[in-house]
Enquirer: 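The structure is given below, and queries will be raised subsequently.
None of the values given here were measured: they were computed from a predicted structure. Note that these values count all heavy atoms, side chains included, but never hydrogens, waters or copies made by symmetry.
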Amino acid sequence: MFVFSQTGQCWRCLVMLFAMWRLFSRPFTFTVIILKDPTAALQASVLFCFNPASIFYSSIYSESLYALFSVGGCYYLVSRANNIPVLWLALSGFARSNGVLNAGYFGFQAMHQAYDAFYLKKSAFLALWILISGALRCICIFVPFITFQAYGYYNMCLGRSSDEMRPWCKARIPLLYNYIQSHYWGVGFLRYFKFKQLPNFLLASPILSLAVCSIIYYVKSRPEIVRSLGFQASVEEKSSMAVIFSSQKPQRSNDTQFSEKYSSRNQENHNLKSRKKIRQGKDLAEGRTVHGSLEKLGYTSAFVLPFILQVGFMAATAFFVMHVQVATRFLSASPSLYWFASLIMTSHKKWGYMIWVYCFAYILLGSLLFSNFYPFT
C-alpha cells in the first residue's frame, strides 16, 4: 500500500509539472510570435508565473484554468490554426464569465479580413463569408455564458407562478449572475465609490496604474494605429500577421519562419546573437531589414491593439463598476500587461525592480489575507 501511495503521489507531481510547463510554454511561444523578441518573451512569461494574483493561481480557483484556455486560444489563433482557437477560447468562458470578451479577437480579425476582401480584393462574396464566419465564431465564444443563463432560468423560473419568480426572471433579458451581483454584492456603475472603500482602491491601484500606463504608452507610440483601429498599419506589419489582417490563407514567409523557429530552444542562442548583431550600429533609415523593423516595434506593433482594447475595457469596468479590489486577479490574465512590464524592466531598471517588489509583496499579502478570509481581490 505504501508503494502504491508513493507511486500515486509521484504521478500527481508529474501531471502538475506537465501542466505547469504547458502553462509556461504557451505564453512564451505566443509572446515570441507577437513581440519577436525572445528576451522580452522570457521576462513576460516569468513575470506571469509570479504575478500579483498568484495566490489564486496556486489555490483551487478558476483563474489558472481561465488563463490556460485564453492564452492557449490566442496562441493557436496566431499560429494559423482554424477552429482550435475557437474551442480554447470558448472553454475559457466555461472557466470564467469574462471569457466572452475573447470574442473580440475574432471580431477584430473578421473586421480586417472583410476590409481586405471587399476593398482590396474586390470580392463582396468573400467579405460576406468572412463576416458570417466571424459572427459564428463569436457566437461559439458566447455559448458557455448563454448556457449558464439558460440553465439558471430553466431551474429557477420555468414552471413557477408570477409570485414565486425572482425579479430577474421577469426581465426582458434574464441574466442570473448580473442580478446576484447587483442585488446581493452591490455591483454597479459608481456604486463602489464610497469613502470606506478607499483601502480597496489603494489595493487595486498598482495593477490599474500599470494598465493605464500600458494603454497611454501604446496610444502615444502609435496614435494612427489606435485612431484607425489598425487599418493604417504598415504593409510589413500586416504581412507578418496575415492570419489577422489578410483574407487569404497565410503563406509560409520569412516572418512566419522567424516566428516559428523561436519556439525551439535549440535555436534561441543563435537568434539572440543575430538580433544583437543587427542592432549594432544600424538604423532603420540605413536599410534595416523588415524583420529588424518589426522586432523594434515589439510591444507597439499593430497586432497588440486588440489586447490593448481588451485590457482598457476590463480596467474601466473594474474601476467604475466592479468591486475594485478584484482588479488584481481580473486583469492578471491580460498578456499586454506583462509585455509592457517586460518593456519597463528592460528600459528602466529601477521601475523593473519596483514591479518585482510589487509582485512578491502581493504574493505574500495575498497568501495572508486570502487564506484568512480577508478581502484581497
Side-chain angles (χ1 to χ4, degrees), residues 27-28 30-31 34-35 37 39-57 63-64 66-67 70-71 74 96 98 101 104 192 197-222 225-226 297-301 303-366 369-370 375-377:
F28 175 75
F30 166 55
T31 303
I34 300 297
L35 302 183
D37 186 346
T39 303
L42 181 61
Q43 288 179 339
S45 300
V46 172
L47 189 62
F48 171 74
C49 293
F50 297 95
N51 72 74
S54 291
I55 181 60
F56 296 98
Y57 287 80
E63 300 297 338
S64 56
Y66 169 76
S70 60
V71 176
C74 292
R96 294 198 63 81
N98 53 287
L101 297 178
Y192 216 60
Q197 301 298 346
L198 182 60
N200 288 323
F201 278 91
L202 294 176
L203 189 65
S205 60
I207 193 69
L208 290 174
S209 299
L210 184 64
V212 171
C213 289
S214 68
I215 296 169
I216 292 176
Y217 181 87
Y218 188 89
V219 172
K220 286 187 175 181
S221 301
R222 305 296 300 276
I225 295 296
V226 178
L297 286 174
Y299 173 76
T300 59
S301 66
F303 188 65
V304 179
L305 178 60
F307 300 95
I308 295 295
L309 296 176
Q310 186 192 62
V311 77
F313 178 81
M314 293 175 67
T317 303
F319 184 75
F320 291 108
V321 180
M322 298 169 54
H323 290 183
V324 70
Q325 69 269 23
V326 180
T328 303
R329 64 179 173 88
F330 184 60
L331 300 174
S332 63
S334 300
S336 60
L337 292 184
Y338 303 101
W339 299 339
F340 179 69
S342 68
L343 176 64
I344 295 177
M345 294 165 65
T346 303
S347 56
H348 303 282
K349 298 295 183 181
K350 291 184 179 179
W351 283 106
Y353 291 135
M354 291 297 294
I355 290 175
W356 279 118
V357 170
Y358 158 60
C359 290
F360 285 112
Y362 268 57
I363 290 174
L364 177 62
L365 184 65
L369 293 179
F370 182 72
F376 174 59
T377 70

Enquirer: Of all residues at least two apart in sequence or in a different chain, which pass the side chain to side chain donor-acceptor pair (under 3.5 Å) check with Ser54?
Expert: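 Scan of Ser54 (side chain to side chain donor-acceptor pair (under 3.5 Å), adjacent residues dropped) gives none.
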
Enquirer: Does any non-hydrogen side-chain atom of Phe340 lie less than 4.5 Å from one of Ser336?
Expert: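 No, too far: nothing below the 4.5 Å cut-off.
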
Enquirer: Residues two or more places apart in sequence or in another chain: which of them pass side chain to side chain contact (heavy atoms under 4.5 Å, CB included) with Leu203?
Expert: Gln325, Tyr362, Leu365, Phe376

Enquirer: Tell me, do Leu208 and Ser205 make a side-chain contact under 4.5 Å, heavy atoms counted?
Expert: no

Enquirer: Would Arg96 pass as a cation-pi partner of Tyr66, given that its NZ or CZ must be under 6.0 Å from the six-membered ring centre and within 45 degrees of the axis?
Expert: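 Here Arg96 fails the 6.0 Å and 45° test against Tyr66.
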
Enquirer: Any side-chain heavy atom of Leu47 within less than 4.5 Å of one from Cys359?
Expert: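 Yes, side chains in contact.
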
Enquirer: Applying side chain to side chain contact (heavy atoms under 4.5 Å, CB included), name anything that partners Phe201, two or more places apart in sequence or on another chain.
Expert: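 Phe201 satisfies side chain to side chain contact (heavy atoms under 4.5 Å, CB included) with Tyr192, Phe193, Gln197, Phe319, Val324 once adjacent residues are dropped.
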
Enquirer: Check whether any side-chain heavy atom of Tyr217 lies under 4.5 Å from a side-chain heavy atom of Ile308, and answer yes or no.
Expert: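 The answer is no; the side chains never approach within 4.5 Å.
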
Enquirer: Side chains of Tyr299 and Ser342: closer than 4.5 Å at any heavy-atom pair?
Expert: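 No, their side chains stay 4.5 Å or more apart.
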
Enquirer: Do Ser332 and Tyr338 have side-chain heavy atoms sitting under 4.5 Å apart?
Expert: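 Counting from C-beta outward, Ser332 and Tyr338 do come under 4.5 Å.
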
Enquirer: Please check if the side chain of Tyr57 supplies one atom and the backbone of Phe50 the other of a donor-acceptor pair under 3.5 Å.
Expert: no

Enquirer: How long is the straight-line distance from CD of Gln43 back to CE of Met345, given to the nearest 0.5 Å?
Expert: 5.0 Å

